[in-house]
Amino acid sequence: MGAGTSARSLEPAGVTPGLRVDVTKREEVRNLHNTVYLSSEGIPLGWTGGYSGCDPGTTSGDSQDAVLRRINYFRAMAGVPAAVVMNDGYSAKAQQAALMMSAQSSLSHFPPPGWACYTAEGAEAAASSNLAWGSAGADAIDGYMEDYGQGNTAVGHRRWLLYPQTRTMGTGDVPGDGQVRAANATWVFDGNYGKTRPDTREAYVAWPPPGYVPYTQVYTRWSFSHPDADFGSASVNVSSNGIPVAVRLEALASGVGEPSLVWYAIGANPNAPEPPSKPTQDIEYSVDIRGVRLGGQTVGFAYTVRAFDPAVPGPEYAMPEVAGSAQVPVGAASPYTVTAVPGAEGYQWRQATRETGTVLEGAESNLTGFMDQTSGGYEVVVRSPVASGTSAFHLAQPSPARLQALVYEKGFVVGATSELRFKSRLGWSSVRQRAAVQVSLDEGRSWAEVYGQSGSGGAGESAFNARTVGLAAWAGRTVLFRFVYDYAGSGTYFPQTTDGVGWYLDDIEFRNLERLGTVGSPTLVTGTAFGFQPAAEGSYLLQARALVFGGYALDWGPAFAVGASGTTPPRLEWVGAPQVLGNQVALDFRVTAGTAPTRYELLRARDGVWDWVPVPGATLQEVVPNRDYRFTVDAGPGRSGFYRVRGF
């Protein structure tokens, strides 16, 4: 580390550095993707520099956090140490390198002094970095991992990102300005090359790795790295769900990270980005590598990759459900519990008020109620064509790289009869452009499609058509809605924003859904129990969510409806000491104040921890009507401990 520089971890507050994931567990990999990976999506660079005067500037801490999370995500998935930190000195020089690449509209690890915005420190960074032109921020890390293109047959960018010994990196990013393209420089040489290799999950480093992998990260080029291996006589056999896949080996390249074997499926194009098709079910790839020379012996390796859609839960999926009383008094803390989720490291809960009634959204109020996530440069609210009224929404795609979206700001609670209705007109649109409605269960980190329509390749629809989408599959959940117009990433597209091109929407109707009103801030749960104390009468919803990987939140569980009334909360007190009656223990209590509950529950501290759980088999007897009661429980082993009683 150079003088005057510092190393810093860019993990979010409260998140433990050093990611680890069990790739044999689908749900654990899914959670890693839907938290760590997706939390680094769409973060603005916050660039403070400028092309005029060649000011490299800096990027925001949030942007640098996102780049680092993306790097450590891929390293954790690959099974190498995922505790890389950013070096501020590396990043400052990488920032100069990124500006040079963007301003020059070219890439070079050895730029000459005549380049635009040239600096000696930028040139130093260029020689020590992965370089990207046309992408910046966390997106550039995905590009390095994919490593498509004729000059990337060795997948060198990927190999340096996943090099096990690396501990420190740096990032520089510029966004482009319409005249020149965005660029990234990721400093990957930290002086640990050739040092003692740390422990890795497998003896080798493969991408995609063995185990479960999100299908979007199963790139065209596959790689297999092993220290001190000789792949000169190696062969690779691959099958997909038992069907052989013909592959072609790329030329071997030395001096790039660890020795590696690279291949791709014949028929695929490794020189262009090819977004994989979404699988309808998990796909199993078997890899058999033979003829590897290692330590004077010829050895082989076999492993299985399981590509899956991280938007689709697997059989291990569990939701944290809230349990407790559906009617509570105002001003008193009523107890609730959360069902445990496997792998959870903690929980949060929140409260929200409820707003009933059908919600109808045209465009007459412009974009009120919506978050505009379009690229700009065209009118999103138009006066023609319309289905009714005076206005409609319009989504077009002037740039293929930018998803166009309108996100409805308020969340909803879905019921068994909930529907989304809207009027739709998909005009001039290619078969690679798609209009869709999506829902999110995790406050917009990930989205699942509930309606979709691809373009016709021609003029499309000449009039609005009514669409109805049933939402029963999400009954009980809180969701966000967004309307998107996107491009699949290859083939032709219509970039025009003029009349008749793109997707028109009108008369959006949310039927039989409850809209969330005031939503409280998430509160950390101690164990799996919490108390809810409503401040006023009304109708509330309670939800919980699990925390994983040191502090990342999963999606909210089902909404539990609670009514709060102004009745005086009851006061319950034990009467005397517990009594042993034969093989039973009697626990007597009394209502000493307030409105008598309609039912009671006996709870016990579990394993000496104040995490109260209901006592199964407890029998309640009313001794004096509306005043004195007795719970009896078995006096057998495991029944001793601390008890409490609560009323509903």
Side-chain angles (χ1 to χ4, degrees), residues 353-398 402-415 417-429 433-440 444 447-455 459-472 474 478-486 494 496-519:
T353 58
R354 306 158 67 183
E355 299 177 357
T356 59
T358 297
V359 177
L360 180 63
E361 297 286 357
E364 280 68 33
S365 299
N366 291 314
L367 292 173
T368 301
F370 289 87
M371 291 182 284
D372 183 357
Q373 295 182 352
T374 64
S375 60
Y378 69 96
E379 295 296 328
V380 178
V381 174
V382 297
R383 303 302 177 188
S384 177
V386 299
S388 68
T390 60
S391 303
F393 300 109
H394 179 216
L395 296 177
Q397 202 153 31
R402 180 68 183 268
L403 176 144
Q404 310 291 309
L406 291 175
V407 181
Y408 195 69
E409 291 179 333
K410 286 282 190 177
F412 289 90
V413 182
V414 180
T417 61
S418 295
E419 291 181 340
L420 173 65
R421 298 183 179 185
F422 58 95
K423 303 290 178 56
S424 170
R425 177 181 171 181
L426 184 57
W428 286 91
S429 180
Q433 290 175 292
R434 186 169 178 83
V437 181
Q438 299 172 338
V439 297
S440 175
W447 297 88
E449 183 176 297
V450 296
Y451 166 84
Q453 180 182 356
S454 297
E461 297 170 323
S462 59
F464 282 87
N465 291 285
R467 310 293 186 194
T468 300
V469 181
L471 301 169
W474 287 269
T478 53
V479 302
L480 288 176
F481 289 92
R482 76 173 180 180
F483 303 85
V484 303
Y485 186 55
D486 200 10
F494 288 95
Q496 295 86 356
T497 61
T498 50
D499 290 352
V501 181
W503 191 26
Y504 293 88
L505 283 158
D506 204 354
D507 297 342
I508 300 171
E509 184 179 2
F510 302 95
R511 293 176 60 88
N512 301 325
L513 290 101
E514 287 186 295
R515 187 162 61 172
L516 295 181
T518 302
V519 180

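- Annotation for E355 and G517: closest pair OE2-CA, 3.5 Å, computed over non-hydrogen atoms.
- For the residue pair Y378 and Q496, no side-chain donor N or O sits within less than 3.5 Å of a side-chain acceptor on the partner.
- In terms of heavy atoms, S454 sits closest to R434 at OG-NH1, 2.9 Å.
- Of the N and O atoms on the side chains of Y485 and Q397, not one donor lies less than 3.5 Å from an acceptor on the other residue.
- Side-chain atoms of F393 and V381, non-hydrogen and from C-beta on, do get closer than 4.5 Å to each other.
- A donor-acceptor pair shorter than 3.5 Å can be found between the side chains of S391 and R383.
- Using modelled atom types and a 3.5 Å distance limit, the side chains of D507 and S388 yield a donor-acceptor pair.
- Heavy atoms only, all atoms of each residue included: S424 and R467 are closest at CB-CG, 3.8 Å.
- No side-chain donor-acceptor contact under 3.5 Å links H394 to the backbone of S384.
- Shown here for A436 and E449, the closest heavy-atom pair between the two residues is CB-OE1, 3.6 Å.
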Apply side-chain contact (heavy atoms from CB on, under 4.5 Å) to I508 and F370, showing your working. CA-CA 12 Å; I508 300 171; F370 289 87; 4.1 Å; yes
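- Judged as a side-chain hydrogen bond (donor to acceptor under 3.5 Å, both in side chains), and not counting sequence neighbours, Q373 has no contacts.
- In the model, S429 has no side-chain atom that pairs as donor or acceptor with a side-chain atom of W503 under 3.5 Å.
- Residues passing the side-chain contact (heavy atoms from CB on, under 4.5 Å) test with P385 are R425, F464, Y504, sequence neighbours excluded.
- Side-chain contact annotation: T374 with D372, donor-acceptor N/O pair under 3.5 Å present.
- The CG atom of L395 sits 7.0 Å away from the CD atom of Q404 when rounded to the nearest 0.5 Å.
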Check step by step if side-chain contact (heavy atoms from CB on, under 4.5 Å) holds for W447 and V407. CA-CA 11 Å; W447 297 88; V407 181; 4.1 Å; yes
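- Using a 4.5 Å heavy-atom cutoff, the side chains of V414 and L513 are in contact.
- Two residues are said to be in side-chain contact when any heavy atoms from C-beta on lie closer than 4.5 Å; D486 and Q433 fail this criterion.
- Under the 4.5 Å side-chain criterion, counting only non-hydrogen atoms from C-beta, L360 is not in contact with R511.
- Remark: side-chain polar atoms of S418 are paired, donor with acceptor, to backbone N or O of N512 under 3.5 angstrom.
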Verdict with supporting geometry, F481 and Y408, ring pair (Phe, Tyr, Trp, His ring centres under 6.0 Å): CA-CA 6 Å; F481 289 92; Y408 195 69; 8.0 Å; no
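- Side-chain contact check for L367 versus V380: some heavy-atom pair is nearer than 4.5 Å.
- Rounding to the nearest 0.5 Å places CD of E509 at 8.5 Å from OG1 of T468.
- K410 contributes atom NZ, which lies 11.5 Å from atom CD of E361 (distance to the nearest 0.5 angstrom).
- Using a 4.5 Å heavy-atom threshold, the side chains of Q438 and F483 count as separate.
- Here the closest non-hydrogen pair linking A363 and D506 is N-OD1, 4.3 Å.
- Residues forming a side-chain contact (heavy atoms from CB on, under 4.5 Å) with V469 (at least two apart in sequence, or on another chain): L420, F422, V450, Y451, L471.
- Counting heavy atoms from C-beta outward, V413 and L516 have side chains that approach closer than 4.5 Å.
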